[in-house]
Amino acid sequence: MLGIGLIKGLSVTFKNLFSPIFTIQYPDKKVGLLAFSKHINKPIFKILREDPKKFVMGLIGMVTIPVKIDQFPRFRGNEFVWYDDRCTACASCAKYCPLGIIEIVTHESGENLQAGENYAIDKFDIDTGRCMFCGLCVEACPYDALHMGTDFERSNYSRVDLVLDKETLTSQTKNPSSWFRPQFESKEYNPWEDNIPDSKDAGRHEKPTDQKIKEKWVNKRKING
Amino acid sequence: MFEFIYNILENILNLFVSEFKFQNYILTFIAGALSAFIVINAVLGGVLAAIWGERRLLGKFQQRSGPNRWGPMGTLTSVADAVKVMFKEDIVPEEADKYIFNIAPLLLVVPVFIIFSVIPFGVGLYAVDINVSALFILAITSISGLSIICAAWASANRIAIFSALRSVAMLISYEIPVGLSLVGILLISESMSVMDIVIFQKVPFILLQPVAAFVFFLGSLAEINRTPFDLTEAESELAAGYQNDYSGMKWGLFYLGEFAATIAASSVFSTLFLGGPNGPFLPGIFWLTIKVVAVWFVIIWIRATWPRFRIDQVLNLAWKGLFELTLVNIVVTSISVIIWTDSDPNRLLYIALFNWIFTVPFVFIIIRLLKTKDYVEIKEPSLIYPVGSEIPKFEKVGK
Amino acid sequence: MKTWNGNLLSEEISNHIENSVVNSNEKDVYIEVEKIYLVMKFLKETSGFSFDLLSSVTAVDYFDHFEIVYQLKSLITLTKATIKVKLGFGRKNEPEIDSVYSIWKGADFQEREIYDLMGIKFNNHPNMKRILLWDGFPGHPLRKDFVTNSQSMVPDLKEK
Amino acid sequence: MSVKSEPITINLGPQHPSTHGVFRMRVTFDGETIIDLEPIFGYLHRGSEKLAEERTYTQIVTLTDRMDYVSSMLNNQGYILALEKLAHIDPKPRGVWLRMIASELQRIASHLVAIGFLIQDLGAWGTPLTYAMREREKILQMFEMLCGARITNSYLRPGGVFMDAPIQFWDALSEFTEHFPSKIEELEKLLSSNEIIFSRTKGIAVLTAEQAINASITGPILRSTGVNWDLRKSDPYDYYDQVDFNIPTHTAGDNYARYILRVQEMKESLSIVKQCVEKIEPGPVRPHHDETPNLVKPPVGDCYSAIEGSKGELGFYLVSDGSISPYRWHVRSSSLINLTLLKDMLVGTLFGDLFVTFGSIDINMGEVDR
């Protein structure tokens with residue numbers, strides 16, 4: 001039963017014994033003194049003066065430094081990026097979501113009456129606790145108001161915090177992923193560094209000005225006396 | 001080591017108080033306990049290092065880094081494991097037979113430590129010197145089969161019974177090749193005690209007795225349930241077999257026993273076949289550790305690469321393969337020992353050559369006999385099934 | 001890989017087995033409920049058709065009747081065909097049909113799944129049991145009249 | 001003297017290290033040989049066929065990737081082809097080439113998983129599995145570049161692909177096609193000439209061609225019994241007729257043939273990917289909204305279309321009543337039907353062969369229970 005095939009198998013594993021490790025230590029990595037000084041780019045003796053405890057730990061290679069996994073711009077992260085001034089509350093995203101977890105409540109705002117009066121958004125909730133991040137809502141949004149996020153470390157202790165309401169959506173830093181957003185695709189775009197606060201350069205096409213809306217509606221609406 | 005401690009104790013005692021009645025009983029007890037204490041702690045340290053070493057080496061084989069969280073490069077992992085296992089809850093299943101359930105782990109661990117009492121670590125460094133220590137090692141290793149049965153039967157778990165019956169069949173059928181493979185060495189070194197074998201081994205026995213070493217290595221792999229033969233805790237079928245219902249320190253003892261058995265097997269192999277502590281200029285203890293680590297590395301290397309046999313193939317290999325090899329080896333060695341008596345100087349060289357020429361070809365004969373029959377592949381698939389051979393009815397009608 | 005024309009196939013079948021075809025159109029052939037076993041055996045054995053691979057068996061619930069769809073494939077003549085059966089009109093009783101297990105073993109799990117989710121019983125099937133849901137599950141979920149939210153998922157003990 | 005012994009029944013239960021998911025076998029043993037075996041599944045039944053009746057046609061794409069979670073691109077392709085046939089959408093050429101590349105890559109990834117876990121069940125302590133997973137990782141990263149997700153990549157839309165591939169996808173793909181053949185050789189050198197694997201897999205659970213076809217078993221298992229039946233060749237869909245590749249077949253029909261067949265199929269898929277990369281030319285990836293709107297409304301009628309999934313023939317039977325969601329959505333799951341002969345294959349073999357045969361059939365519980 002024992003023959004050459006087994007020895008060949010052993011040689012393969014022996015060869016792989018010396019090839020580099022391909023796994024990544026995710027949350028943080030234990031690292032020696034040199035790598036630690038490179039990480040915080042401070043010379044070694046300064047570390048000794050400032051933080052002797054870390055210096056000693058560094059000597060035996062036990063200093064922990066955080067590790068960032070490289071994602072790709074199209075990654076569908078789970079913190080949505082929403083520009084409220086672009087959003088016209090047409091709720092096509094809520095309609096298009098397979099799980100129906102986007103909840104929008106509006107009231108008449110009184111502006112822009114000729115064009116059929118914009119809505120004012122009271123409530124715009126996305127329940128990321130039940131969301132599967134398929135991105136169909138982002139695909140359905142006609143005005144590029146809603147984008148997928150890039151962060152995935154968003155676990156917390158209560159289910160209620162998972163529901164992103166209007167305030168958190170507008171207040172959190174906005175770095176949209178380039179999923180179904182070709183306008184981000186073209187530039188050398190790295191979603192983690194450059195966040196895009198204002199909505200001007202976030203949309204494929206500009207939000208229709210009042211003038212354009214008026215013409216469109218006037219032609220479409222049958223003017224019967 | 002035992003006499004050495006005994007003499008020291010005697011001198012100290014004579015300083016204070018003169019002779020009293022039960023003096024030698026007490027002294028032997030204390031000296032024995034002390035030397036046993038030294039050996040057990042050495043082995044326990046070795047086992048903790050071996051657990052860490054095995055997990056990291058397996059990691060390196062699979063291009064991952066292995067445990068590296070506790071201590072620099074993960075060196076304190078096995079300490080953390082030991083502490084965790086001590087404080088984990090110790091569940092005894094409801095229908096378990098309490099007493100046998102508790103004894104089983106001890107039955108596995110104690111024999112492994114007893115083996116180390118016989119192995120010489122250095123020139124004078126051995127716990128005890130029995131003149132039949134080779135036989136003693138064989139006797140001790142057969143107890144572990146008993147412990148696996150106790151563990152499986154007591155925990156009243158059907159899958160564990162499978163693993164127990166497999167382990168009994170395997171251990172018994174591998175006792176014989178292992179035992180007989182030692183006969184070759186005893187013939188040459190004319191003494192059963194491991195000390196004499198080690199002293200005799202100017203030339204390591206692996207060169208003199210290649211087939212005996214090969215059979216002994218495979219046999220000891222089967223004894224400690226290591227990879228080509230690890231059927232007792234075959235992960236894919238039995239999922240830790242007899243250890244299924246153990247938790248807490250009892251499971252810790254099984255875990256410890258398994259890794260200690262690896263070190264025991266590699267140290268027995270290195271003393272009997274690789275010449276134990278004697279080597280050119282390093283002290284004895286270093287040579288032994290180098291050889292033990294080398295054999296231990298080969299065991300891990302095999303564990304990382306080869307899949308496992310099925311139970312009937314394991315037994316076939318034992319009865320139809322290794323058993324015959326040892327018989328051939330005994331015949332050839334006895335002939336060579338008679339021809340070249342002690343008289344002429346390079347006696348070992350002739351025995352080695354004679355052995356290599358006659359026994360090694362038998363290994364390839366056995367391999368050809370046990371090889372799985374290769375079937376002839378019918379290359380032409382259409383002979384098997386006529387795909388697209390007929391014309392559908394509507395085309396016939398159509399014409 | 002050509003597809004059998006429904007009408008041509010129905011002519012062939014009705015020649016060999018009387019009044020077995022209900023009606024047929026371009027794509028598929030509708031067969032009588034009682035004759036299904038004979039037709040399938042005929043389609044498997046005779047040389048011009050030799051449908052040896054039963055690709056899939058499905059059931060559809062059209063409110064007033066059920067429909068079982070057999071997709072047949074023939075490796076020997078490299079052709080495809082679809083056979084349909086209408087049964088269980090008026091939803092009164094538990095619809096029944098002969099199982100094709102003895103012709104193609106592949107129908108075993110698919111028929112059990114149809115019984116499990118749709119509620120159509122297959123006669124002389126080796127073990128006609130539910131395959132996906134647990135035995136005490138009330139009702140058959142894929143039926144159009146299976147109300148999802150009010151149905152209590154806990155098996156009611158009355159049925160035991 | 002005859003020892004009185006009676007058979008023992010064991011539940012190799014839903015929670016078991018090598019049942020590839022939640023699958024249960026009630027097995028009766030006489031000693032080590034298997035007398036009777038009854039597969040029980042349904043533990044992962046999510047009722048996706050009922051769910052699909054309340055979703056629009058494009059939303060069902062997210063349902064299909066969760067069916068066979070190891071080859072989700074192939075599920076998408078199968079479903080989208082059935083939808084295009086039903087709604088008479090003609091897809092854009094670049095979209096079709098992109099989805100062919102994605103599904104062939106997914107076939108390689110699925111075969112890598114199958115081989116890795118088969119050898120893991122054989123007993124090698126995870127080393128071949130880690131080598132297989134290391135290669136699969138590169139493919140999953142390419143999928144993340146394409147569609148933002150590694151496993152649940154609902155990448156396809158009716159009429160083609162939802163978005164064109166980014167620039168870094170192409171050089172990652174060329175780097176992969178360069179290095180992968182050497183990795184397959186390494187895996188083969190480690191495993192395919194290993195005598196222990198020969199002794200554990202050759203001549204065990206043998207299937208003949210008639211048996212397989214009668215049990216409507218398709219995919220690598222059918223081809224291992226000597227029938228060269230591959231839907232990509234015999235009933236070509238997409239542009240598989242413009243790509244030349246051959247179908248590896250074996251005639252032994254045992255575990256070893258099924259294993260070796262998957263290794264050769266990976267090489268074929270790699271050559272298909274290379275040809276697709278040459279033949280692709282720029283153009284729109286998806287028909288414009290006016291031609292095929294997001295809410296597809298196919299005409300009333302039904303259609304069945306099947307593709308060659310990684311585990312066998314993956315068919316979709318769609319019935320539409322003209323509204324935006326299907327009236328009936330049935331999936332012909334290749335894993336479910338490949339299990340029909342599990343009992344006949346295993347009765348008589350030893351306990352050791354049970355999980356080896358189960359691994360060589362390579363089923364995926366997500367597709368079995370839907």
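Being a predicted model, the structure only gives us computed values, none of them experimental. Below, read A as the first sequence line, B as the second, and so on, with proteins coming before strands; counting in each chain starts at 1.
- Using a 4.5 Å cut-off between heavy atoms, D/I213 touches chain B through its side chain atoms alone.
- B/F61 and D/Y131 make their closest contact through O-OH, 2.9 Å (heavy atoms, listed as atom of the first residue, atom of the second, distance).
- No part of D/I119 comes within reach of chain B, as not one of its non-hydrogen atoms sits under 4.5 angstrom from that chain.
- Neither the backbone nor the side chain of D/S234 comes within contact range of chain B, judged by heavy atoms closer than 4.5 Å.
- Residues B/P307 and D/L122 come closest through the heavy atom pair CB-O, 3.7 Å.
- No part of D/R223 comes within reach of chain B, as not one of its non-hydrogen atoms sits under 4.5 angstrom from that chain.
- Of the two parts of D/F355, only the side chain, counted from C-beta on, holds a non-hydrogen atom closer than 4.5 Å to a non-hydrogen atom of chain B.
- Between D/W229 and B/Y385, the closest side-chain pair of non-hydrogen atoms is not below 4.5 Å.
- Ion pairing of B/R310 with D/E32 is absent here, as no side-chain N (NZ or NE/NH1/NH2) approaches a carboxylate O to less than 4.0 Å.
- Proximity to chain D involves both the backbone and the side chain of B/T305, based on heavy atoms less than 4.5 angstrom apart.
- For D/T130, the part lying near chain B is the side chain, with the backbone staying farther off; criterion is any non-hydrogen pair under 4.5 Å.
- Contact of the D/I10 side chain with the B/I159 side chain is registered, since non-hydrogen atoms from C-beta on lie closer than 4.5 Å.
- If you measure heavy-atom distances from D/L222 to chain B, you find no contacts under 4.5 Å at all.
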